[in-house]
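See structure below.
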Amino acid sequence: MENKIATPSETKKILREHNLNLKKSLGQNFLVDSNIIEIITAAAEIQGDEFLIEIGPGIGSLTQLLLEDLDSGKLLAVEKDAAMVAVLEDIFAGEERLCLLNQDALKINWEEVAAEYNPENRKIKLIANLPYYVTTPIIMGVLESNIELEQMVFMVQKEVGERICAGPETKKFGSLSVAVQYHMQPEIVHQVPASVFIPQPDVDSVIVSLTPYQENIYQEKVISKKFFFQIVKSIFQQRRKTLRNSLSKSAVINLDRDLVTQALEDEGIGLKKRGEKLSISEMISISNRIYKMRNNAETN
Ligand code: SAM
């Protein structure tokens, strides 16, 4: 394929030739600006020998440039819409480095996929212009899996990207920020206007890059991941309340008020402080302390 797919004219031509109607229900807003695609691929710092995973390739605008950057590596593209897969098979016929998987990315077992398609254990990078109706479950599904990611670069709607990257003491800091930052370090790479898509979505977008932490600053420190995320949920469900109130009146976990008070005092955290002002490390410390105190109380 010589022509760049990511132009309005080429995209319209492919859709016309293949008799395709875009499905709003599948978040089919296609990128028609190759500069934006180049920003995505540059952010992924592709060396050429990686195992790349693309979610939602559509008619292949991003796929095309990923393949240009790949040398001996492989690209696995997961697309839910069989009609798109048929187009991709046509456009990229004979391209041996590309594997097309006609599946729902939400239902994929990423460990099994990596074992099957990446037996060489190449470094894994996930790159995507995500369908916006399922952005969060797709990202979390990959992060919660046990595959080791070298990098993740994806386009999401601006609001979601900002929430992913938000830090303590900001309005957008919430459960999603903690859930993602617990695994990887996020950064907004670029702001993207709605005008570079066909059809144009109602919202602007951002490109987000996630990279692994140099050292494991969160995961290894958490005693019980389940309990930690219950604490996080309680904190943000009642974010205007003091930490003592949000934890002791939590609908998520049943915690004794005296125990919460003691734990906060032991951690040197003011009883009136709001949970949303805590850093992730502080949330981990308080969750570990309450977890241990509760267990001790139960065994005594
Ligand atoms: N990569 C193309 C681009 O940048 O122009 C298309 C991106 S479009 C925003 C999202 C794509 O994800 C669509 O092709 C859509 O069919 C696909 N998709 C939607 N839901 C999906 C799911 N659950 N699993 C895999 N692909 C999905």
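Every number for a ligand or one of its atoms is a count from 1 in the order of the listing. Quantities reported herein were computed from a predicted structural model and do not represent experimental measurements.
Applying the side-chain hydrogen bond (donor to acceptor under 3.5 Å, both in side chains) test to every pair with at least one member in residues 284-293, sequence neighbours left out, gives these pairs: Glu267-Arg289.
A donor and an acceptor atom, one from each side chain of Asp258 and Gln262, are nowhere located under 3.5 Å apart. No donor-acceptor contact under 3.5 angstrom links the side chains of Ser246 and Gln237, judged on distance only.
More than 12 heavy-atom neighbours from other residues, nucleotides or ligands sit within 6.0 angstrom of NZ on Lys23.
Every residue was checked against the side chain to side chain donor-acceptor pair (under 3.5 Å) condition with Ser34, not counting sequence neighbours, and none meets it. Scanning for salt bridge (Lys or Arg N to Asp or Glu O under 4.0 Å) contacts around Glu148 gives an empty result, with sequence neighbours left out.
Protein residues are said to neighbour a ligand when one of their heavy atoms lies under 4.0 Å from it; for ligand 1 these are Leu26, Gly27, Gln28, Asn29, Phe30, Leu31, Glu54, Gly56, Pro57, Gly58, Ser61, Val78, Glu79, Lys80, Asp81, Gln103, Asp104, Ala105, Asn129, Leu130, Pro131, Tyr133.
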